[in-house]
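Inspection log for the structure reproduced underneath, given as structure tokens.
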Amino acid sequence: MNIQNLDEVLRNALEDSRKYIREGKVASYIPELAKVDKNLLGASIITVDGDRFHAGDWQHDFTMQSISKTISLVFALQHLGKEIVFSKVGMEPSGDPFNSMARLETKSKCPSNPFINAGAIAVAGLIADKFEFKEYLSFVHKLCGRNSIDIDKNVFESENRTGMLNRSMAYFMKNSGIIETDVEKTLEFYFKMCSVKVNTNDLANYSCVLANGGIDINTGNRLIDSEILKIAKTLMVTCGMYDSSGEFAIRVGMPAKSGVGGGIIACSENKMGIGVFGPALDEKGNSIGGYHILEFLSSKLGLHYFSNEFSSKIFIASV
Ligand code: GLN
């Protein structure tokens with residue numbers, strides 16, 4: 001596999017995945033997201049050696065949504081430490097939809113993990129208590145390699161106005177002591193981090209940091225501590241694709257995180273970071289086209305973490 005082939009494989013992945021788009025639907029529970037064209041499809045790859053590949057609508061902006069939950073987790077772990085963070089959220093997949101709050105009452109007052117909405121809101125509460133949103137945003141700038149990244153105000157306002165299920169969870173967690181800071185301040189932080197507007201190149205840059213042991217290939221700077229990176233990537237494996245994380249692990253086999261804006265990040269250890277975008281979602285809330293692009297790339301390039309195929313060895317040897 002050489003560089004030229006990687007370009008071709010990415011283009012083929014996109015073309016092969018287009019046919020699934022018609023089976024998906026854009027997220028309409030956030031009114032502003034319902035306006036997005038469901039036929040958009042784009043992808044970017046950045047290898048740890050700094051080669052970049054793009055295809056389709058890779059320059060199109062979309063909001064990070066739940067992909068941001070990986071960044072807020074890393075930010076909270078780096079600034080507040082493991083003990084504090086994991087006193088508020090668990091480490092187990094819930095098996096429930098991302099917006100479910102059922103277990104908060106029936107199982108434990110701690111949300112199951114930091115990637116379901118309740119868990120991410122609990123982590124947002126910890127951060128919002130001590131940090132300004134702009135401090136978090138400047139970390140996003142570093143991870144994505146672009147200082148002009150900002151929130152999409154329309155999406156933020158749309159979700160802030162209508163996100164009553166998230167609001168209910170937050171008040172429920174305030175009542176049980178999981179959220180200790182002001183609930184509306186927590187929700188403002190959470191909705192803002194979900195509204196951060198990126199393209200697939202930004203996502204690939206961030207996932208390349210994840211693939212490259214936490215070090216930014218552009219500057220050589222360490223952006224994520226090794227121990228924290230291990231936690232984040234493990235949770236991406238077990239909980240990153242909501243309640244289809246198990247099937248995704250079999251079919252694709254890369255640490256990944258999706259968002260209802262249609263983005264997915266996936267990283268292949270010491271090889272590459274991948275960012276994909278397709279706003280048509282499957283019934284679990286994952287980009288349907290994006291999922292297939294990743295499955296195609298994983299199979300053609302031998303990127304599954306347990307892949308032992310010839311293609312992966314050739315890839316390592318020559319890229
Ligand atoms: N902002 C969205 C929400 O809270 C994020 C959900 C997602 O991407 N799965 O519902």
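Note: hydrogens, waters and symmetry copies are ignored here, and every other heavy atom, side chains too, is used. Predicted model only: the values in this text are computed from it and were never measured. One-based numbering, in listed order, for ligands and for the atoms of each.
For atom 3 (C) of ligand 1, the nearest non-hydrogen atom from the set Gln65, Met64, Glu159 comes from Glu159.
A salt bridge is absent between Lys25 and Glu283; no separation between the charged side-chain nitrogens and carboxylate oxygens falls under 4.0 Å. Salt-bridge check for Glu188 with Lys185: failed, with every basic side-chain N at 4.0 Å or more from each acidic carboxylate O. In summary, Asp16 and Lys19 engage in a salt bridge, as defined by a charged side-chain N under 4.0 Å from a carboxylate O. A salt bridge links Arg251 to Glu247: at least one charged side-chain nitrogen sits closer than 4.0 Å to a carboxylate oxygen.
Counting heavy atoms under 4.0 Å from ligand 1, residue Cys194 touches it through the side chain alone. Under 4.0 Å from ligand 1, the heavy atoms of Tyr190 that appear belong solely to its side chain. Under 4.0 Å from ligand 1, not a single heavy atom of Leu165 appears. Contacts between Asn117 and ligand 1 below 4.0 angstrom, taking non-hydrogen atoms only, involve the side chain exclusively.
Counting protein heavy atoms only, atom 10 (O) of ligand 1 is closest to Tyr29 OH, 2.6 Å.
Remark: ligand 1 atoms within the under-4.0 Å shell around heavy atoms of Val260 are 6 (C), 7 (C), 8 (O), 9 (N). Residue Phe98 approaches ligand 1 through these ligand atoms, each under 4.0 Å from one of its heavy atoms: 6 (C), 9 (N), 10 (O). The contact set between ligand 1 and Gly259, taken as ligand atoms under 4.0 Å from a residue heavy atom, comprises 8 (O). Taking every heavy atom of Ser66 and a limit of under 4.0 angstrom, the matching atoms of ligand 1 come to 5 (C), 6 (C), 7 (C), 8 (O), 9 (N).
Within the 4.0 Å heavy-atom cutoff, Tyr242 counts among the residues contacting ligand 1.
Taking the six-membered ring for Trp and the full ring otherwise, the centers of Phe131 and Tyr136 sit at least 6.0 Å from each other.
Judged by a 6.0 Å distance limit and a 45° cone about the ring axis, Lys192 is positioned over the six-membered ring of Phe156.
A donor-acceptor contact shorter than 3.5 Å is absent between the side chain of Asn221 and the backbone of Leu223.
Close N/O approach between Asn166 and ligand 1 is found [any backbone or side-chain N/O within under 3.5 Å].
Considering only heavy atoms from C-beta on, Gln65 comes within 4.5 Å of Val155 through its side chain.
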